[in-house]
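Only this structure's heavy atoms are used, side chains among them; waters, hydrogens and symmetry mates stay out. Convention: sequence-line order gives letters A, B, ...; per-chain numbering from 1. Small disclaimer: the values here were computed from a predicted structure and weren't measured.
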Amino acid sequence: MGDEEKTGRDFIREIIDEHDRTGRFQGRVHTRFPPEPNGYLHIGHAKSICLNFGIASEYRGKCNLRFDDTNPTKEEEEYVNSIIEDVRWLGFDWEDRLFFSSDYFGMMHDRAVDLIKKGEAYVDDLDAATISEYRGTLTTPGRESPYRNRTVEENLDLFARMRAGEFNDGDKVLRAKIDMGHPNMNMRDPVMYRILHARHHNTGDEWCIYPMYDWAHGLEDSIEGITHSICTLEFENHRPLYDWFLDELGVYHPQQIEFARLNLTFTVMSKRKLLELVKGGYVNGWDDPRMPTISGMRRRGYPPSAIRNFCGRIGVAKINSTIALELLEHSVREEMNRSCPRYMGVLDPLKVVIENLPDDHEDWMDVINNPEDPSAGTRKVPFAKELYIEREDFMEDPPKKFFRLAPGREVRFRNAYLVTCTDVMKEGGEVKELICRVDPDSRGGDAPDGRKVRSTIHWVSAKHALDAEIRLYDKLFTVEDPMGEEGEFTEYLNPGSLVVKKGCRVEPAVGGLNTGDRFQFERLGYFTIDPDTKEGDLIVNRTITLKDTWAKVQQQNV
RNA sequence: AGCCCCGUAGUGUAGUGGUCAAUCAUUCCGGCCUUUGGAGCCGGAGACGGCGGUUCGAAUCCGCCCGGGGCUACCA
């Protein structure tokens with residue numbers, strides 16, 4: 001109510017509405033985001049985070065943050081810390097509901113004992129390979145383990161000894177006794193506990209048996225009073241097992257709902273592949289601005305609101321789909337256009353000398369910070385006799401559609417003067433310096449006689465400008481679907497995904513910015529201050545370019 | 001091959017038997033405007049996988065076919 005959202009409800013919200021109508025959960029809505037701390041969160045997780053936290057807040061419910069840490073061999077504290085930081089940065093709050101699966105190990109153990117007592121679980125001595133072999137195939141039923149019909153007493157004793165550490169890794173497992181001929185492989189006596197003499201980041205050496213996902217997850221949801229356990233499509237075939245465990249236990253039973261995970265063009269999304277990029281040194285860590293990780297996008301300069309908007313736009317459904325990267329980029333531009341102050345900076349400086357200005361000329365111009373946001377105010381930008389402009393904004397012999405500076409041509413220097421190029425100083429064929437004249441009556445940039453100039457270019461004052469290193473980022477891959485191509489996905493890495501420009505010149509006000517501040521360099525794109533920045537060593541990341549129709553024209557003329 | 005899931009413009013998405021000669025966004029193409037070749041505004045292109053059936057009427061219901069995805073870890 002009161003919602004301006006006119007878009008249709010997705011199938012998950014429809015299910016929840018139905019539950020509300022029938023009173024299945026007494027009108028309660030309680031979701032959870034359950035990451036495994038075995039890697040950094042990526043944009044795919046952001047979709048799930050926005051879904052779970054978003055639904056909770058829309059229905060005035062709650063959403064828990066729960067670490068699914070049932071496998072100590074893969075999980076690390078570094079990852080839990082990064083995940084906490086990322087979810088918070090995205091703008092979501094789990095209040096006091098931060099949980100760990102490992103908090104429930106004791107209870108899970110007791111419930112497993114209950115199942116053994118009911119004759120629904122047994123200890124199996126078969127090794128992993130044999131269990132796999134006995135499981136049968138997709139088209140043929142499995143065979144029962146010779147240990148399947150041990151007595152309850154024997155199972156109880158063996159399980160207690162597993163827990164006590166009497167056996168080595170892999171010697172025994174606890175299995176649910178369901179149906180080895182079931183057409184759903186997940187129901188062929190799934191493993192509930194395995195022996196792992198490994199130190200757990202949370203419980204230390206307290207346990208040497210650890211629960212499997214299927215056994216643990218439903219129980220965790222049940223304990224926390226989750227109403228809607230939202231997960232991705234690959235768990236669809238696990239739902240019968242999720243339901244079976246909860247039904248056999250006779251405990252509170254949430255509803256599992258599956259949706260399609262996010263795929264993005266020009267990127268890989270699996271944690272395994274991302275880990276490969278990090279470990280292989282193809283990128284500079286999990287937070288490399290080229291990575292689709294939350295931390296990478298944060299460092300790149302993506303605003304959290306842009307990511308949230310994006311997640312809202314892509315919708316949620318069960319169809320496997322791949323979203324165009326352009327949609328994410330659109331969300332980023334849209335948000336940054338609205339909120340970022342503008343500055344001027346020159347990536348590739350070309351010196352300009354204004355011949356009709358005195359050597360010591362210095363004039364601080366009033367400049368609007370953000371034309372989209374009057375409340376952003378104005379700032380002072382120094383204009384002087386010696387300036388730098390972008391090298392590519394000048395052409396000695398310009399083609400038809402090039403409107404920028406050229407010999408004899410007048411353009412507007414943004415927020416300053418109309419300027420005409422009167423001479424070109426060259427050295428060995430290379431343009432070294434431009435001699436120009438300003439129209440003194442055009443201060444501010446308006447033509448005194450209303451004459452039109454075709455283009456406006458950016459500039460900085462040579463003696464006031466700050467030196468900066470600017471890192472230009474582009475797509476990490478050269479193909480839409482790196483995993484769908486022949487060979488290794490790393491063969492399709494874009495060699496131009498990172499270009500470091502040193503010796504860039506930026507207006508003085510940029511020096512007052514802090515790490516993580518986002519802004520626009522006029523005509524170039526959106527940028528942010530990189531955490532590598534130190535005193536006197538300004539490092540800037542380009543988040544994304546502005547839309548560039550000139551670049552498009554050039555492409556068409558190739 | 002067994003089980004499960006899914007098919008609406010290039011990409012996503014709305015649609016829940018008539019008001020669908022099908023929504024919105026993105027993309028692409030024109031135009032307008034402009035002190036960012038930005039932003040904004042206006043216009044255009046572009047889809048119900050196929051075949052049957054039910055019905056006065058089907059994108060919506062049913063059947064078959066075709067196509068795509070998932071499942072054979074002591075991972076999650």
Side-chain angles (χ1 to χ4, degrees), chain A residues 6-10 14 34-36 38 68-71 73-75 124 126-129 131-133 135-142 169-175 182-188 190-196 209-210 212-214 216-217 231-240 258 260 265 271-272 313-331 333-334 337-338 342 344 368 371-372 401-404 412-416 418 442 444-447 453-458 520-525 545-553:
Chain A
K6 286 286 171 279
T7 56
R9 325 219 76 205
D10 55 69
E14 278 177 8
E36 182 189 11
N38 67 342
D68 223 334
D69 56 352
T70 55
N71 186 351
T73 65
K74 291 190 175 173
E75 295 146 7
D124 196 347
L126 259 27
D127 61 42
I131 286 180
S132 173
E133 190 187 321
R135 188 154 23 232
T137 70
L138 295 178
T139 49
T140 58
D169 290 5
D171 281 356
K172 289 179 170 27
V173 291
L174 182 71
R175 292 229 258 170
H182 200 108
N184 180 340
M185 302 289 289
N186 296 127
M187 300 298 271
R188 319 244 261 227
V191 172
M192 295 167 62
Y193 270 99
R194 76 285 218 188
I195 299 171
L196 245 31
I209 56 171
Y210 291 93
M212 301 289 292
Y213 169 87
D214 287 304
H217 205 87
C231 60
T232 43
L233 252 29
E234 67 268 30
F235 292 103
E236 233 160 3
N237 291 332
H238 293 245
R239 182 161 20 100
E258 312 86 14
T265 55
K271 277 193 227 174
R272 218 189 115 245
R313 259 194 262 258
I314 59 179
V316 26
K318 299 193 74 159
I319 179 173
N320 287 295
S321 63
T322 302
I323 309 286
L325 181 64
E326 288 79 6
L327 189 59
L328 209 211
E329 297 184 332
H330 167 78
S331 297
R333 287 196 180 97
E334 176 185 59
N337 175 53
R338 199 153 40 210
R342 270 115 240 237
M344 288 194 285
I368 289 171
E372 304 291 323
K401 288 184 178 165
F402 183 87
F403 305 137
R404 286 113 92 156
R412 176 183 297 106
F413 276 31
R414 175 82 165 155
N415 293 120
L418 298 186
S442 65
D446 289 310
V453 291
R454 269 316 282 274
S455 101
T456 299
I457 65 174
H458 58 276
Q520 180 188 114
F521 273 136
E522 297 218 35
R523 305 210 306 131
L524 296 178
T545 59
L546 253 24
K547 280 208 284 186
D548 188 348
T549 54
W550 167 241
K552 205 169 280 176
V553 170

For the student: nearest non-hydrogen atoms of A/D68 and A/H217, plus distance: OD2-ND1, 2.9 Å
Among B/G37, B/G38, B/A25, which nucleotide has an atom closest to any side-chain atom of A/E372? B/G38
Look at the side chain of A/T139 and decide which nucleotide, out of B/U72, B/U13, B/A1, has an atom nearest to it. B/A1
To the side chain of A/M212, which of B/A73, B/G2, B/A39 is closest? B/A73
Of the nucleotides B/G12, B/U36, B/C29, which has the atom closest to the A/K552 side chain? B/C29
Strictly below 4.0 Å: does A/R188 bring a side-chain N or O up to OP1 or OP2 of B/G2? no
Listed nucleotide nearest any side-chain atom of A/D68, set B/A76, B/U26, B/G12: B/A76
What do the steps show when you test A/F402 against A/W550 for ring pair (Phe, Tyr, Trp, His ring centres under 6.0 Å), and what is the final call? CA-CA 8 Å; A/F402 183 87; A/W550 167 241; 5.6 Å; yes
Between B/U13, B/C71, B/G37, which nucleotide gets closest to the side-chain atoms of A/L138? B/C71
With a cut-off of less than 4.0 Å, is there a side-chain N or O of A/H458 near OP1 or OP2 of B/U36? no
Any donor-acceptor N/O pair under 3.5 Å between B/G37 base and A/R404 side chain: yes
Taking OP1 and OP2 of B/U11, is either one under 4.0 Å from a side-chain nitrogen or oxygen of A/R313? no
Surrounding CZ of A/R454 (heavy atoms of other residues, nucleotides or ligands, distance under 6.0 Å), is the total greater than 12? no
Over all strands shown, is A/L126 touching base, sugar-phosphate only, or nothing at heavy-atom distances under 4.0 angstrom? base
Quick check for you: among B/U13, B/A73, B/U36, whose closest atom lies nearest to any side-chain atom of A/Q520? B/U36
Within the pair A/T70 and B/C75, is there a side-chain N or O less than 4.0 Å away from OP1 or OP2? no
Contacts of A/N71 and A/L546 projected onto RNA chain B by closest heavy atom; the upstream (5') one is A/L546
Using the test side-chain contact (heavy atoms from CB on, under 4.5 Å), find all partners of A/L546 that sit at least two apart in sequence or belong to another chain. A/Q520, A/Y526
Return the CG to OG1 distance between A/L196 and A/T70, rounded to the nearest 0.5 Å. 10.0 Å
So, OP1 or OP2 of B/A73: does either fall under 4.0 Å of a side-chain N or O from A/S132? yes
B/S/- contact track for nucleotides 4-10 of chain B, protein heavy atom under 4.0 Å: SSS-S--
Minimal non-hydrogen separation, A/N38 against A/E75, with atom names: CB-CG, 4.3 Å
Test: A/R313 and A/E334 ion pair at under 4.0 Å: yes
Please work out if A/I131 contacts a base, only the sugar-phosphate, or nothing of the nucleic acid, heavy-atom cut-off 4.0 Å. base
Of B/G37, B/A73, B/G12, the nucleotide closest to the side chain of A/R523 is B/G37
